[in-house]
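Following: one structure in structure tokens, then a few remarks.
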Protein chains: 2
Amino acid sequence: MGATKTEHFTEEQNELAIIAKALGHPARIAIIDYLLSVNTCICGDIVNELPLAQPTVSQHLKELKNAGLIKGNIEGNAICYCINHEAFDTLRQYFDNISKHVKNGKNNCC
Amino acid sequence: MGATKTEHFTEEQNELAIIAKALGHPARIAIIDYLLSVNTCICGDIVNELPLAQPTVSQHLKELKNAGLIKGNIEGNAICYCINHEAFDTLRQYFDNISKHVKNGKNNCC
DNA sequence: TTTATATATTGCAATATTACGATATATAGA
DNA sequence: TCTATATATCGTAATATTGCAATATATAAA
């Protein structure tokens, strides 16, 4: 009891859930927002942008990285982070499909 | 300690995180998938589609509803559920913007 | 080599989520 | 009214997440 029953769902469903879950925290949305606002790779600096302690930010970055939403390369003393296109393209496609699907369907009964 | 520090983030960031979080579980992705596959409102029947006990499914439906991802209307004995366009359009727009943003930027350094 | 800086890991407390049995509620139909 | 069916709520155990202090690691610069 308590743990998510991943084995009952498809690989696609589990994968999508993992990506969505990674975005399911305001600090991690804020990190993505920041990476988008600077519009380039950013080396260091992310910890100072967030109202959280360094270990907490490090943890959030790890989760975004595990979900494939960001990439990080060691750049001398700091780490250079940036958005990972592919993951966001996957999400864009998923929600684009849903929007199209819903528009063609008859989901207007509620 | 332990609780998410929502007060430090913008309303947009918190809202988006809430929606993403609601999709951050395979059972809830499966519910959305099912509602899309039937392509119409579905009255009752959702519990039988999932490999989880009825109270658990009820809980997941509640979370999707709270996040605004689905709508539910009482229809006699059963409840009629369907996808909520608006929430998914919000998500589509968000990820569409990110894709565009990233393509125009110089995020290819990593 | 020593010191400063950046990031990760560990350990732990507080809180949240997941799942389900038992039970409540509410409508439909006999 | 009584019974069946559909869904929600309650209570609770198992597990996961969040946040941070302390500490480890690793590179840069002095």
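Within the 4.0 Å cut-off from OP1 or OP2 of D:dT17, not a single side-chain nitrogen or oxygen of B:K21 is found. Here A:K62 reaches the OP1 or OP2 of C:dT9: one of its side-chain N or O atoms lies under 4.0 Å away. Phosphate contact (OP1/OP2 of C:dC20, side-chain N/O of B:T56, threshold under 4.0 Å): present. The phosphate of D:dT17 has neither OP1 nor OP2 within less than 4.0 Å of any side-chain N or O from A:H60.
Judged by atom type and distance alone, A:Q54 does not reach the base of C:dA6 through any side-chain donor-acceptor pair under 3.5 Å. For a distance-only test at 3.5 Å, the side chain of A:Q59 fails to qualify as a donor-acceptor partner of the base of C:dA8.
A donor atom on one side chain and an acceptor atom on the other are found under 3.5 Å apart for B:D89 and A:S99.
With B:T90 contributing its side chain and B:E86 its backbone, the two residues share a donor-acceptor pair below 3.5 Å.
Here the P atom of nucleotide C:dA16 and the NE2 atom of A:H25 are 11 Å apart, to the nearest Å. In this structure, CG of A:L64 is placed 16 Å from C1' of C:dT7, rounded to the nearest angstrom. The separation between A:L52 atom CG and D:dA21 atom C1' is 15 Å, rounded to whole Å. Rounded to whole Å, the distance from CD1 on B:I29 to P on C:dT18 is 12 Å. Nucleotide D:dT7 holds its C1' atom 14 Å from the CG atom of B:N73, rounded to whole Å. Between the CD1 atom of B:I74 and the P atom of D:dA8 there is a distance of 8 Å, given to the nearest Å.
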